[in-house]
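For clarity, every value in this text was computed on a predicted model and none was experimentally measured. Numbers restart at 1 for each chain; the letters A, B, ... are given by sequence-line order, proteins then strands.
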Amino acid sequence: MWADLLVEEILKTRAPGGQVVNDAWSPSGYAHIGSLKGVVLHDAVTRGLRDRGAPVRFIYGFDDYDPFDGTPSYLDTERFAPYLGMPLCTVPSPEPGAASYGEFFGRRFVEDFHRLGCRPEVYWGSALYRSGRMNEAIRRVLDRAGEILEIDREISGSQRTERHPLQVICESCGKIATTMITGWDGREVTYECRAEKVAWAAGCGQGGRRSPFDGASKLIYRVEWAAKWWVLGVTVEGAGKDHFTRGGSHDTASAVAERIFGYPTPFPIPYEFLLIGGAKMAGSTGKGVLARDLLEILRPELARFLMVRPHYREQKNFDPGGETIPRLYDEYDRAVRAFRGEIDEPELARTFVYAFIDEARPQAYRPRFGKVATLLQIPSVDLEAAVAEEKGAPLSAADREELAERTADARRWLSHYAPEAYKIEVQATLPPAAATLTAAQQGFLEALAQALASAEWRGPAVHNQIHELKNARGLSPQQAFGAIYRAFLGKESGPQAGWLLAALDRDFVLERLRQASAQRTAS
RNA sequence: GGGCCGUUAGCUCAGCAGGCAGAGCAGGGGCCUCUUAAGCCUCGUGUCGGGGGUUCGAGUCCCUCACGGCCCUCCA
């Protein structure tokens, strides 16, 4: 299990004291799936460290001092246009109930990752700056701006000419993305708010002089990353591979951390992307898969399992279509059984340790997902009774809850993602596929109609009738059952035929059997 | 151009601190009076992408090539 190996490596290479695991995200819209993967990954590592008895804190930052740099597609562009360039914490919330835009989306995301069992200590960038905790870092960065510019050029080949790696909030217009610092005297900075500094927001053209401390300014991204490590004492922090490219933001942040702050780079965890249906897509554009979208597709247990199961360096492409979801369900159930010691799969058992939301929950009886999906589609089946029979004991409250979850998931799967072959739908009229019936099959159906006219209208009785006639007429199971499925479902196979027919209206069944047997066949 | 990852049974993938190739699904066979999507038992010789190398021994380490995916713009 990769998380175990990481934990081991962390304990081996980091100071024996407590670990501080950090992750952060800029709340510029609804979080997308990758941000969620980040939280889960850091939570897993935290869980692993805790499991080994190591003192550990997991902190999570919302970078709501970052500038608002674009309106997501699901919001009104015109309404938010005036706020472009301001810190996310001073942009109004799109809905009532939050003090700011950043807080609104931050809180939404907290809800999402809480559902996945991640409960880091949350902190806000705005509070970090306003409280003065970043002051010393800001001072140091301003004093050594030249060195940082050098580091930037050396590591990333950046052509950045802006000397001060700091952005101050314009006192006139409140924007932070548009300002340029022109001087630093050890107490205050002078700045200009420029109309064309960035393409997506216009500065007011004013300038001024102010103290950069206590929330008046924010470090630029790469430098801020290093500063936060230092200020918060971070010892473990991963990021997506986009940050870990050579000369990328992580390289720069590491160099700044070590050379400017004299602080060792936290244990790095560069992780691969989770693709959904082959696409990644960004949250700020509003396109693509949001964290909450995934939670619409998969219940929290499975969503977390999906992110924890593959090696963190492995790119995973999750395509909810086909048999992906039933397979994921089966795999999760196997992990549960492995954890309980029912099957010998140590790797899976460990995976479960990192995947579970609520350790106690999986004690419930777990009927196979595919089976639930099938039974669900046969009207006569009492799901709870059927599952209780399989279990061999009455269902507990937890069993029923589990079954209800699965039933809801199965319904969703069937209506949105399941291949046609898994859908059982009795056709309202004789399906075209019935035209391919052979004479022998038609004879069989005709005889079946006669026999069923007076048979007991229950699954087992109908089932026996089918078998008797099949045997009497020397038909293979394929021929006999295939004929029934074609006549009713328009397909080659289906659920147990006796129960299927008994679930339907008798007259309807008899009529359909006669239609199918009377139809002229191509052959 | 640089980086990361992938290429293992028909399909989806495990296996990667080197030691006789695995699972699930599909498929074959069998049981439950009944093979037809519920349950149970049983069956897996595949150039582990190609080629070198290290080793007593390599999917498992090193080099190299090919194909595929993604990333290098503050998007995980």
For nucleotides 26-29 of chain B, print each protein N/O atom paired with a nucleotide N/O atom at under 3.5 Å, atom names and distance only.
none

* Any idea how Phe62(A) and Phe109(A) line up, ring-wise: parallel (<30°), tilted (30 to 60°), or perpendicular (>60°)? ->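 Correct class here is perpendicular.
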
* When rounded to the nearest Å, what value does the distance between C1' atoms of G50(B) and U12(B) take? ->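 After rounding to an integer number of Å, I get 24 Å for this pair.
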
* Over 60° means perpendicular and under 30° means parallel, so classify the ring planes of Phe481(A) and His463(A), tilted if in between. =>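 Tilted: the ring planes of His463(A) and Phe481(A) meet at 30° to 60°.
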
* Asked: With rounding to whole Å, what would you report as the distance between C67(B) and U73(B) at their C1' atoms?
  ->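 Those two atoms are separated by 29 Å.
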
* Would you say the base of C70(B) and the side-chain of Lys241(A) have a donor-acceptor pair closer than 3.5 Å? ->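 In this structure, the two groups form a donor-acceptor pair.
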
* Taking atom P in both C13(B) and C70(B), compute the distance separating them and give it to the nearest angstrom. =>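 These two P atoms come out 15 Å apart once rounded.
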
* To do: Considering just the side-chain nitrogens and oxygens of Arg246(A), establish if one lies under 4.0 Å of OP1 or OP2 belonging to G2(B).
  =>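 Arg246(A) to G2(B) OP1/OP2: no side-chain N or O under 4.0 Å.
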
* To do: Specify the separation, in whole Å, of atom CG of Leu348(A) and atom P of G24(B).
  =>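 Leu348(A) atom CG is separated from G24(B) atom P by 12 Å.
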
* Watson-Crick or G-U wobble partner for G24(B), using a 3.5 Å limit on both distances? ->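 Pairing partner, where one exists within any strand: C11(B).
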
Scan nucleotides 7-14 of chain B against the protein and return all N/O pairs shorter than 3.5 Å with their distances rounded to 0.1 Å.
from   : atom 1 : to        : atom 2 : distance (Å)
A14(B) : OP1    : Glu314(A) : OE1    : 3.0
A14(B) : OP1    : Glu314(A) : OE2    : 2.7

* **Length of the line joining Leu469(A):CG and U33(B):C1', which is rounded to integer Å** =>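 Result: 16 Å.
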
* Asked: Closest nucleotide of RNA chain B for Met1(A) versus for Ile220(A): which of these residues is on the 5' side?
  ->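 Per heavy-atom nearest nucleotide, the more 5' residue is Met1(A).
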
* **Charged N-O contact under 4.0 Å between Arg350(A) and Asp51(A)** =>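 Between Asp51(A) and Arg350(A) there is a salt bridge, with a charged N closer than 4.0 Å to a carboxylate O.
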
* **Sidechain N-carboxylate O distance under 4.0 Å for Glu111(A), Arg115(A)** =>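 A salt bridge is absent here (no side-chain N lies under 4.0 Å from a carboxylate O).
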
* **Atom-to-atom span, CG of Leu166(A) to C1' of C74(B) - whole angstrom** =>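 My rounded result for the distance is 15 Å.
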
* Asked: Is Lys228(A) salt-bridged to Glu237(A), going by a charged N under 4.0 Å from an acidic O?
  ->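 Judged by the 4.0 Å cut-off on N to carboxylate O distance, Lys228(A) and Glu237(A) do not form a salt bridge.
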
* With a 3.5 angstrom cut-off on both distances, give the Watson-Crick or G-U wobble partner of U55(B), or none if there isn't one. =>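 U55(B) is unpaired by these criteria.
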
* Which part of the nucleic acid, if any, lies within reach of Asn464(A) when heavy atoms closer than 4.0 Å are counted: base, sugar-phosphate only, or nothing? ->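 If one applies the 4.0 Å heavy-atom cut-off, Asn464(A) turns out to touch a base.
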
* To do: Figure out the NE2/C1' separation between His463(A) and G39(B), and round it to whole Å.
  =>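 Between C1' of G39(B) and NE2 of His463(A): 13 Å.
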
* Asked: Is there a donor-acceptor contact under 3.5 Å linking the side chains of His243(A) and Tyr221(A)?
  ->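 Result is yes, a qualifying pair exists.
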
* What integer number of Å spans the P atoms of U47(B) and G10(B)? ->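 The answer is 8 Å between these two P atoms.
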
* Electrostatic pair Lys218(A):Glu224(A) at N-O distance under 4.0 angstrom ->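 Salt bridge present between Lys218(A) and Glu224(A).
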
* In terms of base orientation, is G59(B) syn or anti, with the syn window spanning 90° either side of 0? ->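 Base orientation relative to the sugar is syn.
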
* Asked: Given that Arg368(A) and Lys12(A) both sit by RNA chain B, which one's nearest nucleotide is further toward the 5' end?
  ->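 Result: Lys12(A).
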
* Asked: Between A14(B) and G49(B), how far is it from one P atom to the other, in whole Å?
  ->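 Per the computed distance, 13 Å lies between those P atoms.
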
* ring-ring contact (aromatic ring centres under 6.0 Å, His included) against Phe267(A), all qualifying residues, sequence neighbours excluded ->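 Phe267(A) satisfies ring-ring contact (aromatic ring centres under 6.0 Å, His included) with no other residue.
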
* To the side chain of Gln315(A), which of C72(B), C74(B), G69(B) is closest? ->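 So the nucleotide nearest the side chain must be G69(B).
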
* Any chance the rings of Phe68(A) and Tyr101(A) have centres within less than 6.0 Å? ->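 Ring-ring flag for Phe68(A)/Tyr101(A): true, centres closer than 6.0 Å.
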
* Asked: If the P atom of G2(B) is compared with that of C63(B), how far apart are they to the nearest Å?
  ->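 The answer is 16 Å between these two P atoms.
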
* **pair Tyr65(A)-Cys89(A): side-chain heavy atoms closer than 4.5 Å** =>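 SC-SC contact between Tyr65(A) and Cys89(A) confirmed.
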
* Asked: Checking all strands, does Trp225(A) fall into the base, sugar-phosphate, or nothing category for heavy-atom contacts under 4.0 angstrom?
  ->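 Since no nucleic acid heavy atom lies under 4.0 Å of Trp225(A), the category is nothing.
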
* Asked: Any ion pair linking Arg368(A) and Asp330(A) (charged N to carboxylate O, less than 4.0 Å)?
  ->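 Judged by the 4.0 Å cut-off on N to carboxylate O distance, Asp330(A) and Arg368(A) do form a salt bridge.
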
* If we call it a pair only when both distances are under 3.5 Å in a Watson-Crick or G-U wobble match, what pairs with C67(B)? ->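 Pair assignment: C67(B) / G6(B).
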
* **Proximity to the side chain of Glu272(A) - top-ranked nucleotide from C71(B), C25(B), C5(B)** =>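 Within the option list, the nearest is C5(B).
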
* **Phosphate contact (C75(B) OP1 or OP2) by His243(A) side-chain N/O below 4.0 Å** =>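 Checking C75(B) against His243(A), a side-chain N or O does come within under 4.0 Å of OP1 or OP2.
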
* To do: Look at the side chain of Gln167(A) and decide which nucleotide, out of C74(B), C75(B), G69(B), has an atom nearest to it.
  =>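 From the listed options, C74(B) comes nearest.
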
* Asked: In Watson-Crick or G-U wobble terms, both distances under 3.5 Å, what is the partner of A17(B)?
  ->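 No nucleotide pairs with A17(B).
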
* To do: Please state the C1' separation for the pair G57(B) and A23(B) - nearest whole angstrom.
  =>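 Result for the C1' pair: 26 Å, nearest Å.
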
* **G1(B) versus C11(B) - spacing of their P atoms, nearest Å** =>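 31 Å, rounded to whole Å.
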
